[in-house]
Amino acid sequence: MNVGGDVRIRFALLAMSVVLCSGCATPPALSRADLEMQVATRERAFAQTMAERNFAAFPDFVSAEAIFFTGPTPLRGRDQVSAGWKRFYDRPAAPFSWQPETVEVLDSGTLAISSGPVRDPAGKLIATFTSVWRLEQSGVWRVIFDKGNPECDCAKPPVKAP
């Protein structure tokens, strides 16, 4: 009985199996619609941190190099953004809520934009948000830019006929 030869043959077969199946481990490319669904789901989960008053989960949605336009001076980086947003989580009731209405993903599948309404606790529209998401090397979508625009209570100008 040639035990050494059997082990070498088994090892060679195992190595060939790994090489042949290495392409099998690559997941199929996701469609743009699938990627948009991923970003929308991630945006909803981000908003849920506010609804559930879960500040500890907030930083995971923010890229390390994010820029948030929350006040007169942009907040730069996850730590500064988190410190600036902590005040929104301090009270028992959420001061606002948001949800994505529109999500678009680049054909490359690495950047996305989401936008939608921001509402006060009574449900009144107070702003719209726009967030730019990046698919990071870890495979997680994180916000790299975020900006809210206040809703104007002003009268709408009349529409001019062409």
[atom1]-[atom2] distance between [X] and [Y], expressed to the nearest 0.5 angstrom:
X      : Y      : atom1 : atom2 : result
Glu104 : Ser115 : CD    : OG    : 9.0 Å
Ile126 : Glu151 : CD1   : CD    : 10.0 Å
Glu36  : Ser114 : CD    : OG    : 11.0 Å
Asn149 : Phe129 : CG    : CZ    : 11.5 Å

Greater than 12 external heavy atoms within 6.0 Å of Glu136's CD: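 Count over threshold, so yes.
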
Residues, nucleotides or ligands: over 12 heavy atoms within 6.0 Å of Arg53 CZ: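 Atom CZ in Arg53 is crowded, with more than 12 foreign heavy atoms closer than 6.0 Å.
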
Would you check if [X] and [Y] make a side-chain contact, meaning some heavy-atom pair closer than 4.5 Å?
X      : Y      : answer
Thr130 : Phe145 : no
Phe46  : Ser131 : no
Ser82  : Phe58  : yes
Ser97  : Met50  : no
Leu30  : Gln38  : yes

Minimum heavy-atom separation for [X] and [Y], please, with both atom names.
X      : Y      : result
Pro100 : Ala40  : CG-O, 3.9 Å
Phe68  : Ala66  : CE1-CB, 4.0 Å
Ala127 : Pro150 : CB-CA, 3.9 Å
Val62  : Arg78  : O-NE, 2.7 Å

Using distance alone, with no hydrogens and no angle criterion, decide if [X] and [Y] have a side-chain donor and acceptor under 3.5 Å apart.
X     : Y      : result
Ser63 : Arg134 : yes
Trp98 : Glu43  : yes
Thr49 : Asn54  : no

Contacts of Phe88 that satisfy ring pair (Phe, Tyr, Trp, His ring centres under 6.0 Å) - sequence neighbours left out: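 Counting only residues at least two positions away or on another chain, Phe88 forms a ring pair (Phe, Tyr, Trp, His ring centres under 6.0 Å) with Trp85, Phe96.
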
Salt bridge Arg142-Asp60, side-chain N to carboxylate O under 4.0 Å: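 Here Arg142 pairs with Asp60 in a salt bridge, since their nearest N and O are under 4.0 Å apart.
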
Gln99: side chain to side chain donor-acceptor pair (under 3.5 Å) partners, not counting sequence neighbours: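 Scan of Gln99 (side chain to side chain donor-acceptor pair (under 3.5 Å), adjacent residues dropped) gives none.
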
Any donor-acceptor N/O pair, Arg42 side chain to Trp141 backbone, under 3.5 Å: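 Here the side-chain-to-backbone pair exists.
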
Positive for side-chain contact (heavy atoms from CB on, under 4.5 Å) with Leu111, one of Leu135, Ile144, Val105: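 Only one of Leu135, Ile144, Val105 forms a side-chain contact (heavy atoms from CB on, under 4.5 Å) with Leu111, namely Ile144.
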
Face-on cation placement of Lys86 at Phe55 ring, 6.0 Å and 45° thresholds: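 Checked: cation-pi criterion met.
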
Same apolar cluster: Val143 and Tyr89, side chain cutoff 4.5 Å: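 Result: yes, single cluster for both.
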
